[in-house]
Amino acid sequence: MIPSSLIKFCHKIGKNSLLVQGPGGNVSYKNLDVLWIKASGSWIAHAQHSNFVPIDLNSTLKKVTQKRYDFIPSPLRGYGGIPSIETLMHAVLPQKYVLHLHAVSPLAQLIKSDFNQIITDFKNDHLKFSVIKYVHPGPKLAKEIHSVLLKSPNTDIFFLRNHGIVLGAESLPQLEKMLHVINHFFNIQPQKTFQNYSGIAHVPEDLTKVYFPIEDPTCQQLAMNPFLFAQLKHKWALYPDHVVFLGGSAYCYRSWEDFSISANALQNSPNLIFVENVGVFYKRGFSEAMHAQLKCYADVLIRQEDFSRVQTLSLQNIAELINWDREKHRLSVN
């Protein structure tokens with residue numbers, strides 16, 4: 001079964017939005033020939049024993065050694081739930097505990113075009129790391145990490161470009177220490193240019209039952225700060241979870257009049273809109289998970305000192321994420 005210490009660890013990091021955002025990220029624990037992994041769509045912050053799915057580790061690794069990556073491991077008989085889309089990645093890592101996060105400070109650097117130069121200053125005699133170019137999550141990512149492990153089996157940390165971090169450790173204290181080391185190295189504070197907006201965003205009377213202002217000052221900066229608003233069109237799709245939960249592009253408008261004209265040309269008005277110097281607004285159905293991803297995006301953006309260095313996902317990357325059936329499950333759960 002799952003150690004109670006792992007549940008407590010999940011609750012601790014899950015409460016920190018700079019480490020975990022809604023159903024994002026995943027964690028696993030190996031006990032002999034069983035891999036216990038967070039269920040797809042569940043929240044690390046809400047971890048319970050029932051949120052973990054047991055997988056037969058030996059049979060999974062046997063398929064991997066045959067270079068079969070495009071399969072979904074099934075839970076052991078008698079157990080329900082759908083395992084995380086990153087189950088294969090957790091399986092190929094040899095450590096007892098594996099943690100995959102989209103932590104804000106590392107992510108704010110992982111999206112930079114010159115990340116490979118930035119990481120050269122990361123030095124730790126006890127930790128061995130590898131940088132992975134962006135690949136589609138799931139089977140392709142597992143294959144990429146497995147290929148690195150075949151050459152460097154002692155790798156503890158994987159920095160995933162435009163995605164996140166993966167840590168492997170034999171104990172929870174060791175895992176927590178690794179996370180601290182990484183966050184300390186990437187410790188980036190918000191740029192002073194981006195001050196929290198404290199005003200009230202107003203909705204036209206005829207739309208008050210349709211759109212509601214996001215009650216988050218950091219998110220509101222995306223519309224109220226001209227430098228941030230200018231990034232929404234070209235610096236939107238930065239990493240997988242953002243695209244999966246918020247779509248491949250941002251709906252930006254110069255005014256409510258501009259929105260009304262544009263909305264008439266759409267079959268359905270967007271769930272999330274940005275009105276310049278007015279605010280950020282959502283429709284009913286905009287979930288808590290979506291809000292968590294929007295907050296993450298804002299937190300990443302306000303930590304950029306030079307937007308020209310920010311590298312986005314390609315149109316092909318975006319299309320693969322939006323049309324991915326396995327991610328549609330996470331959306332439906334949330």
Side-chain angles (χ1 to χ4, degrees), residues 1-14 19-64 68-103 136-146 149 156-158 160 163-172 174-176 178-179 240-241 244 289 324-327 329-330 332-334:
M1 290 296 291
I2 303 296
S4 58
S5 56
L6 178 57
I7 301 298
K8 292 178 182 178
F9 174 76
C10 289
H11 290 168
K12 180 180 178 179
I13 66 171
L19 295 178
V20 181
Q21 304 78 32
N26 34 73
V27 61
S28 70
Y29 162 72
K30 298 181 183 74
N31 183 14
L32 299 177
D33 60 348
V34 177
L35 168 69
W36 292 87
I37 187 160
K38 183 180 79 76
S40 178
S42 65
W43 293 40
I44 289 179
H46 305 160
Q48 305 175 49
H49 289 87
S50 59
N51 292 139
F52 285 81
V53 181
I55 301 296
D56 186 310
L57 184 58
N58 290 337
S59 64
T60 300
L61 290 178
K62 184 177 180 180
K63 292 180 181 178
V64 169
R68 295 172 57 192
Y69 298 94
D70 200 6
F71 71 96
I72 303 175
S74 301
L76 293 177
R77 183 175 297 179
Y79 289 89
I82 296 177
S84 166
I85 58 173
E86 304 293 8
T87 297
L88 288 187
M89 178 184 75
H90 286 255
V92 299
L93 283 156
Q95 295 90 344
K96 179 176 288 188
Y97 295 93
V98 176
L99 179 66
H100 170 44
L101 297 179
H102 312 133
H136 191 62
K140 291 183 180 179
L141 178 56
K143 181 180 180 180
E144 194 71 26
I145 285 182
H146 188 218
L149 288 170
D156 306 289
I157 302 171
F158 290 88
L160 313 181
H163 190 160
I165 57 175
V166 179
L167 317 178
E170 292 302 323
S171 70
L172 285 175
Q174 183 185 1
L175 192 67
E176 193 163 13
M178 291 168 66
L179 187 57
D241 266 19
V244 169
W324 195 13
D325 287 340
R326 292 191 65 184
E327 282 290 28
H329 169 76
R330 274 208 304 164
S332 66
V333 170
N334 286 275

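Computed from a prediction, not measured in an experiment: that's the story for all the values here.
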| field | Residues that Lys96 engages under salt bridge (Lys or Arg N to Asp or Glu O under 4.0 Å), provided they are two or more places apart | value | none
| message | Is there a side-chain contact between Leu99 and Val166 in this structure, where contact means two heavy atoms from C-beta onward sitting under 4.5 Å apart? | response | no
| task | Identify the heavy atoms of Pro54 and Val34 that sit nearest to each other, and give their distance. | result | CB-CG1, 3.8 Å
| said: How close do Thr60 and Ala91 get, counting heavy atoms only, and between which atoms? | reply: CG2-CB, 4.0 Å
| request: With sequence neighbours excluded, tell me which residues meet side chain to side chain donor-acceptor pair (under 3.5 Å) with Lys63. | output: none
| remark: When every non-hydrogen atom of Met178 is compared with those of Ala169, the smallest separation belongs to SD-CB, 3.8 Å
| Testing His90, Lys38, Glu86 for side-chain hydrogen bond (donor to acceptor under 3.5 Å, both in side chains) with Asn26, which one passes? | His90
| field | Of all pairs that satisfy side chain to side chain donor-acceptor pair (under 3.5 Å), the ones with a partner from residues 1-10, not counting sequence neighbours | value | none
| task | Measure from the side-chain N and O atoms of His11 to the backbone N and O of Ala47, and report whether any donor-acceptor pair falls under 3.5 Å. | result | yes
| Taking every non-hydrogen atom, the tightest pair across Leu179 and Ile165 | CD1-CD1, 4.1 Å
| query | Closest approach of Gly81 and Pro83, non-hydrogen atoms and distance? | reply | O-CD, 3.9 Å
| Rounded distance [0.5 Å steps], CG in Leu141 versus CZ in Phe158 | 9.0 Å
| field | Worked check of side chain to side chain contact (heavy atoms under 4.5 Å, CB included) between Ile7 and His49 | value | CA-CA 7 Å; Ile7 301 298; His49 289 87; 4.1 Å; yes
| query | For Glu176, what residues pass the salt bridge (Lys or Arg N to Asp or Glu O under 4.0 Å) criterion, not counting sequence neighbours? | reply | Lys12
| query | Out of curiosity, Asn31 CG to Met1 CE, how far, rounded to the nearest 0.5 Å? | reply | 10.5 Å
| task | Report the residues that fulfil side chain to side chain contact (heavy atoms under 4.5 Å, CB included) with Ala39, sequence neighbours left out, ordered by chain and then residue number. | result | Ser42, Val53
| Qualifying residues under ring-ring contact (aromatic ring centres under 6.0 Å, His included), relative to Tyr97, sequence neighbours excluded | Tyr29
| query | After noting the C-alpha distance and the side-chain angles of Val98 and Leu167, does the key distance pass the side chain to side chain contact (heavy atoms under 4.5 Å, CB included) rule? | reply | CA-CA 6 Å; Val98 176; Leu167 317 178; over 6 Å; no
| request: Run the numbers on Leu101 and Ile44 for side chain to side chain contact (heavy atoms under 4.5 Å, CB included), then give the verdict. | output: CA-CA 10 Å; Leu101 297 179; Ile44 289 179; 4.0 Å; yes
| query | For Asn58, what residues pass the side chain to side chain contact (heavy atoms under 4.5 Å, CB included) criterion, not counting sequence neighbours? | reply | Asp33, Asp56
| With Ser50, which residues qualify under side chain to side chain donor-acceptor pair (under 3.5 Å), at least two apart? | none
| message | I'd like to check the side chain to side chain contact (heavy atoms under 4.5 Å, CB included) partners of His46; sequence neighbours left out, ordered by chain and number. | response | Trp43
Could you pull out every donor-acceptor pair under 3.5 Å between side chains of residues 69-77 and any protein atom, sequence neighbours left out?
{"unit_1": "Tyr69", "atom_1": "OH", "unit_2": "His146", "atom_2": "ND1", "d": "2.8"}

| request: Identify, with sequence neighbours excluded, every residue that meets side chain to side chain donor-acceptor pair (under 3.5 Å) alongside Asp156. | output: none
| query | Any idea which heavy atoms bring Ser84 and Ile37 closest together, and the distance? | reply | CB-CD1, 3.9 Å
| said: Rounded to the nearest 0.5 Å, what separates atom CG in Asp241 from atom NE2 in His102? | reply: 4.5 Å
| query | Given the rule in the side chain to side chain contact (heavy atoms under 4.5 Å, CB included) test, do Leu88 and Val64 qualify, once you have shown the distances and angles that lead to the verdict? | reply | CA-CA 8 Å; Leu88 288 187; Val64 169; 4.3 Å; yes
| message | Is it the case that the side chain of Gln174 and the backbone of Glu170 share a donor-acceptor pair, with hydrogens and angles ignored and the cut-off at 3.5 Å? | response | yes
| query | Going by heavy atoms in the side chains, are Phe52 and Cys10 under 4.5 Å from each other? | reply | yes
| Partner residues of His163 under the side chain to side chain donor-acceptor pair (under 3.5 Å) criterion, sequence neighbours left out | His100
